[in-house]
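In listed order, ligands and their atoms are each counted from 1.
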Amino acid sequence: MIGADVPYAASLLKAGKLVAIPTETVYGLAANALDEKAVQAIYLAKGRPQFNPLIIHTNSIERLQEWGLKVPEQAIKLANAFSPGPISFVIPTSNAIPEIVTAGHAFVAVRIPNHPVCLELLSMLPFPLAAPSANKSGCISPTTAQHVADQFGTQIPYILDGGACHIGLESSIVSFANTNPQLLRLGGLAKESIEKVLDCELSISHIQNNENPQSPGLLSRHYAPQTPLLLDLDLEVNQLGNMHQLGCIRFQHLHPDIPPENQYILSEMGSLDEAAQHLFMAMRLADSRNFKYLLAEIFPAHGLGLAINDRLKRASIQL
Ligand code: AMP
Ligand code: MG
């Protein structure tokens, strides 16, 4: 059921149930992070591999000490600048956090989401919420309550509706597991903004092994539509068959050779933030049209363009 009843959502979560929650990045599939059984239900519902750890969410950085978590100084610096916001920190875990949340790692990912409904919910709970994106494993992340309902139907007891997500990409993840902070996932906060506050250049993790990845959101194929998606690598579109069977995801301008009604422009005014907000919605809409191929262009490689390109790359196939 979709609804806007925050106390009801809180009561379900307190009873160990799953609730889909709105955040500014994407919708999350949430459970009490301290309740192993409740967290297990997230993995089952998503079909998520058990080695893929979850991010825990609460309504302030200060509250993390309630669960024995100590936030490194540099992470505090970032939190002061950007939390609540689309950034997660990987920090040393504590005895209070069940191993199922961290997939057995000595580190846990934490985030303070910037969404009024979500913050209200979190403030009513005596525990943090473990919440991955509310989609089946490997599929496109949901940016509306309806997307969640389309995929899970009655499988989850309640979907808390907080409107369309205004960032539209998953959080950026910064790890403090090593001496130097590392960017594990490009996301809704631009790399440049994080680097400015840390006053250093961040290395991006390129780990893509499927066994015990440091950041499994970085699996090489992820966020994928059903329609084969080709990333614009100077392809000759007329070699791909009938133009009417091709769909397009583009930044600002129409592809000259493909019917305009088959094309999804992410930001007419050329804003990468707006493009990010529309990306997953466009991927879903384009996917529902049963095109033979989807063509996506490569976005400018700065700001959220880096994260957009990252998602498109993971969603794509090679001919
Ligand atoms: P999702 O919430 O589905 O976007 O996925 C959360 C992502 O956060 C995972 O796929 C990992 O990439 C990352 N993550 C969560 N916990 C940890 C952790 N303890 N160490 C490293 N990465 C983590
Ligand atoms: Mg996800």
Strictly by modelled atom types, are Asp273 and Ser271 linked by a side-chain donor-acceptor pair under 3.5 Å?
-> no

Counting from 1 in the order shown, the ligand 1 atoms closer than 4.0 Å to a non-hydrogen atom of Val90 are 20 (N), 21 (C)

Check: Of the backbone and side-chain N, O or S atoms of Ser141, does one lie nearer to the Mg ion (ligand 2) than 2.8 Å?
Finding: no

Tested for side-chain contact (heavy atoms from CB on, under 4.5 Å) against Ile55, the lone hit among Val108, Leu129, Ile173 is Ile173

Note: ligand 1 atoms sitting under 4.0 Å from heavy atoms of Ile55 are 6 (C), 8 (O)

A student checking ligand 1 against Ile173 at a 4.0 Å heavy-atom cut-off should list atoms 7 (C), 8 (O), 13 (C)

Going by the 4.0 angstrom heavy-atom rule, the piece of Thr93 near ligand 1 is neither

Please check if the number of heavy atoms outside Glu99 that lie under 6.0 Å from its CD is greater than 12.
no

Atom 9 (C) of ligand 1: of Asn52, Val26, Val110, Leu184, the nearest heavy atom sits on Asn52

ask   = Is it true that the side chains of Thr23 and Arg111 contain a donor and an acceptor less than 3.5 Å apart?
value = yes

Any N or O of Arg185 that comes nearer than 3.5 Å to an N or O of ligand 1?
-> yes

* Would you call Glu261-Arg289 a salt bridge at under 4.0 Å N-O? -> no

Atoms of ligand 1 under 4.0 Å from any heavy atom of Ser133, numbered from 1 in the order shown, are 1 (P), 2 (O), 3 (O)

Atoms of ligand 1 under 4.0 Å from any heavy atom of Val108, numbered from 1 in the order shown, are 19 (N)

In this structure, CG of Leu231 is separated from NZ of Lys313 (nearest 0.5 Å) by 8.5 Å

Kindly say whether Gln226 contributes a backbone atom to a donor-acceptor pair with the side chain of Asp287 at under 3.5 angstrom?
yes

Do NZ/NE/NH1/NH2 and the carboxylate oxygens of Lys77 and Glu73 come within less than 4.0 Å?
-> no

Counting from 1 in the order shown, the ligand 1 atoms closer than 4.0 Å to a non-hydrogen atom of Leu54 are 15 (C), 16 (N)

Going by the 4.0 angstrom heavy-atom rule, the piece of Arg48 near ligand 1 is side chain

Q. Is any N or O atom of Phe107, backbone or side chain, closer than 3.5 Å to an N or O atom of ligand 1?
A. yes

